[in-house]
Every structure is written in structure tokens, then in C-alpha cells.
Student: 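The structure's right below; bear with me while I get my questions together.
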Amino acid sequence: MHENPRNMTQGQFSFLPPLTDDQIKAQIAYAIKMGFAVSVEYTDDPHPRNTYWEMWCQPMFDTKDPAAVMLEVNECRKVWGANHYIKVQAFDNARWRESVAMSFIVNRPKHEPGLGLARTEGPGRSIHYRVHSYATDKPRGERYK
Amino acid sequence: MATPTGAKKELKGADRYKAGVLEYKVMGYWQPDYVPKDTDVIALFRITPQPGVEADEAAAAVAGESSTATWTVVWTDRLTAADLYRAKAYRVDKVPNSPDQYFAYIAYDMDLFEPDSIANLTASIIGNVFGFKAVKALRLEDMRIPVAYLKTFQGPPTGVMVERERLDKYGRPLLGATTKPKLGLSGRNYGRVVYEALKGGLDFTKDDENINSQPFMHWRDRFLYCMEAVNRASAATAEVKGHYLNVTAGTVEQMYERAEFAKELGSVIIMIDLVLGYTAIQSISKWARKNDMILHLHRAGNSTYSRQKNHGMNFRVICKWMRMAGVDHIHAGTVVGKLEGDPLMVKGFYDTLLQPHTPVAPELGLFFKQEWASLGKCMPVASGGIHLGQMHQLLHYLGEDVILQFGGGTIGHPDGIQAGAEANRVALESMVQARNEGVDYLAKGPEILAKAAKSCKPLQHGLDTWKNISFNYESTDTPDFTPQVTPAR
């Protein structure tokens, strides 16, 4: 049977082949055209409820040049790229949204150990689940080594 | 209808309250000069009067029977501020291209209705009046709900933006699938479908409307196996996943018991059916707000009264009521799938669920300007006979804030359920990518999919299987106005 081979599929485009820089730039250009503020965030903990990734910079509210945003993506990759996930986010501050409008992965660590599931059996056959990111078994800085 | 007085104009004072039977329009229910107040509830009915009944009399009769009137004059009206409580038919238009039908506009003072009660609102508006003999057929087409009244309702417990933040999913439609076959699977087998579909790439799977607690699968068993599947899939993909656990039951007490169990197990979402009734829907909506639960509504039953054009009610009114009653998801049409749905009508439903305000747009079936008073957005769900070969059309017609549900289109994939889910996700992501890149994706949809299929075999096989499947039947619920018609008032 066919098995989905990916183990971390957050973001808008995780099922596509990794985006090229030109493809990333095209998405950034779309975000800017829509009036969104683009930002870059990184983490080494891909837990689905790890909401607050580290901010590489503030959302670029005033940057209208996709190349300038791409520069930040590449700077972030240089520093954290080897062993961190990096995502590009676009924030829409228009009334009735005021939230994230786009989010996609632009960098993955070389080794992706993924997540495990721990079960604690309770009464009445109920089970409490703990989704756990293998990378976080080690302290930050020593993960993915 | 006989009028003992033969009066033509509205009667006042002693003449009005003499015992006997009067035409509704002379009793004050027809007031062509009335200007609706901002705080009035307005209803638009499509009326087919009985032969011999004038349109304005029929409209007045509907106003009367949906507010204070009974068949004969009663003196006790005079103990009240009766002029205020009488609903007022104030405008009647011929329906274009339908010689025996009229649109009647009827205004109701807000004080006719209990705050925060869809049950009370509907008991008047769609109460006795639909069986009333003076009209051959009657359909509620649209309503204008005043802001002051809307503010008494909670609205969706979560709302689209908060739902997206909880799920951490942005910038694309969400993907779902209903477990099939809808009846007969044991809990263990059922959970298998859920696991495969979620791990393959879907965001949600769903119980069907008639999956509650039957001999082949009792509800606790289903909940336990489904949550095993959800959590396994979540760990396998590092994504938040959900299964709409249907908590519909024979009594509200059982419904709450099921909802509490879903919460205990850590589900992010529960589901109800429209056949629950408006009171139970408002109750579970408040429970959902209190317990951080997304609330999915399946519109089971609606087509019994919403599909035919001359009688019943338009689905857009159900959309309005459900946004007020407070659900986060509602099935609202696919345009291209197997179920009823004219493209313009469906757009009218989607706008009603998602927009902060909607202007008059007769071509979409929206007869009134509606301010939504900060009530949350309700996510439309497109489900029923859609498949990945239609992805460009789905994105074009339905936009980004929608849940695309491919049940058969996931589970029926020749390479298995995971392959079906993956194919759908790849098709969706490639279409969103193309749209954002400025490609004319509606025209080039098939090319975009073919290109994406080169690096995704499941997508190729899905396209091979379903590429020629379409459901081209004529809609029965169609707009009465073409876009050229200038909206009046």
C-alpha cells in the first residue's frame, strides 16, 4: 500500500517538492501585493502545537521588495538552516482577519526525526495521548546532532 | 375572502374592531407607505396566492398570520399597542418570469421576538403561516436581521480565524473526507479509514450525518478508535488533525454526554446534525464556546424544504440562522459536485456565512443589505461528489475559506486511502501555488494538475480515474434576477 512518505507537513506547500528560491520569491511577491506583512520564523521543535517559533525579524510591514524579504530568508538559513525548520509567514492586519494569511516551510533540518506518540491508559478503555517531538529529548542547541 | 364592510382602506377605531371578519389589508397588515425602521426584522416571502386572492391581500394575510392576527376580529387587540405588534406588509413585487408569484416584503418590530432565540424567531416567521389556505405556496427567501437583535446572539463558538489559528493552517482551503461506507463499519474498521485519510494529508475526517450509535458501532467505540487514529496521524505528520465526532443523539442529555467524552479524549471538534432542532443547536453552541470546541453542522434534512422554488425556505435563510445560532462549519454547496447548487446561489450562501456585511445583490439572491455586527465567520463546507480533477474550479468558485471534502474522492482512490488523501493535498497545494504566482489557474487547471502529477503518482492515478466525472444537471433553485437588474431599494 502507498504510504505518505513525509513526516512534517505543516504549512501551505509541504506536499510539493521543496520550493526553489524563485518560487519562494513569487509567493512573497503575492503576499506583498495582497498587503500582508511577511516574516521569517525558525524552530527545532516541530510539535504541531508549538505555536511560538523564534522570530528571525519583526513582520516586514513596510518592505515592498520581495528580494529584500528573500535576503532575510537566506540570512536566517545561513545561521539556522543546518538544523532548524524555517517558515515564511504573511500577516494580514485587515479588520475581520487580523491573523496569519500565509505560512509555508522554506527550510528543513538535514535530519528529521519526527514525532512519537505516547499513550497512557485510563479507565473505560480511554487513552490519553501525548504527541512528542523526538528532537526535544535533547536540550536546545544539542538537537539534530 | 368576504369582507362584511366592503372596506378598501385600512380601518381605524370602532369600525376596525367591530366583531366579524375583515380582509387582512384593512386590518392594518398592508401598509404600502410604511418605511421599515433600522431595528425591524424584515422578511421577504415568495407568495403564490390562491386564485382570486389579490397579491397585496395575500401579503397582508402572511404578515397577519405570522404576527398578531387570527381569522376574526378580537377586541382584546385594543388592550395592546396593536399597531406596533402587527407585522406590516409594505411592498409587493411581481417575480420576474413567474406570472402567479409575488415577492412580499414584511416588517416586524424587534419586540415581537425573544432575544437570543432562533426557536422563537422561527415560530413566528415560519410558524402557522406556511399552512395558511389563502396562499397556494409560500417560500421564505431572505431576511434582514437588525444589528440590535443580532447582538443578542453568540454566533459561531470559534469562527474561521480562531479555528485556523488553533489548527495552524493558513492560506489554503482545508481538506476533509467523510468516512465511507457511511453505515456498517465497526469502530475498529472505521478508525482505520480515519487514520489512513489523516496520515495521507487531510486535515479532517468526518462522521456522516446518520452515524450516531447503532448496533454495528456504538458511539463510545467510535470515539475511542477515531481518537487513536487522529493522534497517530498527528504524530506522523506534525500537524493538528481532527475528526468530526457526531454527538447527535435521541435526547440532549445524551448529546452532552457524548460531547463531554469527545472533550475528555482531546478532540478539537464535534459535530451535530441540523435535525437536532434550533434550541439544541444553540445549547451545544454555548457548550462548544465554553469548552474550546469547534462545532461542525451537517445540514441533514434541509433539502426537504429548501430545494423547491415555490414553497419552503431558501437555504440562505438557514445560513443566516445558523450563523446566529452559532456553528463553525456548515455544508453550503459545491457548485460542481453531485448535490443541488447554482453557482450564484452558492456564492450567496458563502457570502452570508463569511462576510462582515453583504450588500443587496439580487443576482445572488441577497435581497437586503445585512450588517453582521461582528458575529464570527462560519466556514462553509463543500461536500458531495467533488474530486481532485475539479480543484481549479473549486478554488475559483469557493475561495480559500472553505473545507473541501472528498469522501469517495479519497477513499475510492485505486492506490488506497493514503494515496487518495495525498493526491488531494498535492492537487490543492499546486493550485494555490499557481494562483499566488498569478497563473490563470481556472483556464490552466488541468495543465497545473498534470504537471504536479509528474512528481506524485497518486495524483496521476486519481486524475486517470476521475478526470471525466462531472455532474451537469440543471439546478432547481436558481436566481430570479439576472445581474443586469438594478436592485430596487
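Keep in mind that the numbers below use all heavy atoms, side chains included, and drop hydrogens, waters and symmetry copies. These numbers come from a predicted model, not from an experiment. So you know, we letter chains A, B, ... as the sequences are listed, proteins then strands, and number each from 1.
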Student: At a 4.5 Å cut-off on heavy atoms, which part of S430(B) comes close to chain A: side chain, backbone, both, or neither?
Tutor: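 Both parts, backbone and side chain.
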Student: Using a strict cut-off of less than 4.0 Å between a Lys/Arg side-chain nitrogen and an Asp/Glu carboxylate oxygen, indicate whether E437(B) and K444(B) qualify as a salt bridge.
Tutor: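 No, E437(B) and K444(B) are not salt-bridged.
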Student: Quick one, E196(B) with R192(B), criterion salt bridge (Lys or Arg N to Asp or Glu O under 4.0 Å). Give me CA distance, side-chain angles, the key distance, then yes/no.
Tutor: CA-CA 6 Å; E196(B) 298 289 328; R192(B) 164 61 77 184; 2.6 Å; yes
Student: Out of D92(A), N50(A), L16(A), return the one with the most heavy atom pairs under 4.5 angstrom to chain B.
Tutor: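 The option with the most such pairs is L16(A).
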Student: Look at R166(B) together with D328(B) and state whether they make a salt bridge at an N to O cut-off of under 4.0 Å.
Tutor: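 Salt bridge absent between R166(B) and D328(B).
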Student: How far apart are the closest heavy atoms of Q355(B) and W372(B), and which atoms are they?
Tutor: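 That would be O-CD1, 3.3 Å.
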Student: What part of K457(B) gets closer than 4.5 Å to chain A, counting heavy atoms only: side chain, backbone, both or neither?
Tutor: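 For K457(B), neither part sits under 4.5 Å from chain A.
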Student: Under a 4.5 Å heavy-atom cut-off, does chain B meet the side chain of R130(A), its backbone, both or neither?
Tutor: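 Neither; nothing under 4.5 Å.
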Student: Are any of the side-chain nitrogens in R425(B) or E422(B) under 4.0 Å away from the carboxylate oxygens of its partner?
Tutor: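 E422(B) and R425(B): not salt-bridged.
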Student: Shorter than 4.5 Å, heavy atoms on both sides: which option in L19(A), V100(A), L117(A), V131(A) has the most such pairs with chain B?
Tutor: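 Of the candidates given, the most pairs with chain B belong to V100(A).
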Student: Would a distance-only check, ignoring hydrogens and angles, find a side-chain to backbone donor-acceptor pair under 3.5 Å from D168(B) to P48(A)?
Tutor: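 No.
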Student: Where does R220(B) contact chain A at under 4.5 Å (heavy atoms): side chain, backbone, both or neither?
Tutor: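 For R220(B), the contact with chain A is made by the side chain alone.
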Student: Between E121(A) and R119(A), is the closest basic N to carboxylate O distance under 4.0 Å?
Tutor: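 No.
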Student: Is the shortest distance from a Lys or Arg side-chain nitrogen in R97(A) or E400(B) to a carboxylate oxygen in the other one below 4.0 Å?
Tutor: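 Answer for the salt bridge query: yes.
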Student: For K169(B), is it the side chain, the backbone, both, or neither that has a heavy atom closer than 4.5 Å to a heavy atom of chain A?
Tutor: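 No part of it gets close to chain A.
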Student: Could you look at E165(B) and say if it's the side chain, the backbone, both or neither that has a heavy atom under 4.5 Å from chain A?
Tutor: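 Answer is side chain: those atoms of E165(B) sit under 4.5 Å from chain A.
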Student: If we ignore hydrogens and angles and just use 3.5 Å, is the side chain of S213(B) paired with the main-chain N or O of W219(B) as donor and acceptor?
Tutor: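 Yes, because the side chain of S213(B) sits within donor-acceptor range (under 3.5 Å) of the backbone of W219(B).
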Student: Among the options T51(A), T9(A), I127(A), pick out the one with the most heavy-atom pairs lying under 4.5 Å from chain B.
Tutor: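 The candidate making the most pairs under 4.5 Å is T9(A).
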Student: Let me know if Q27(A) has heavy atoms under 4.5 Å from chain B in its side chain, its backbone, both or neither.
Tutor: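 The side chain, not the backbone.
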Student: Counting heavy-atom pairs under 4.5 Å to chain B, which of E3(A), H47(A), M8(A) comes out on top?
Tutor: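 Greatest number of close heavy-atom pairs with chain B: E3(A).
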Student: So what's closer than 4.5 Å to chain A heavy atoms on A236(B): side chain, backbone, both or neither?
Tutor: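 A236(B) touches chain A through backbone heavy atoms alone.
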Student: For the candidates R164(B), K241(B), Q433(B), R172(B), which exhibits the highest count of non-hydrogen atom pairs separated by less than 4.5 Å from chain A?
Tutor: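 Ranked by contacts with chain A, first place is Q433(B).
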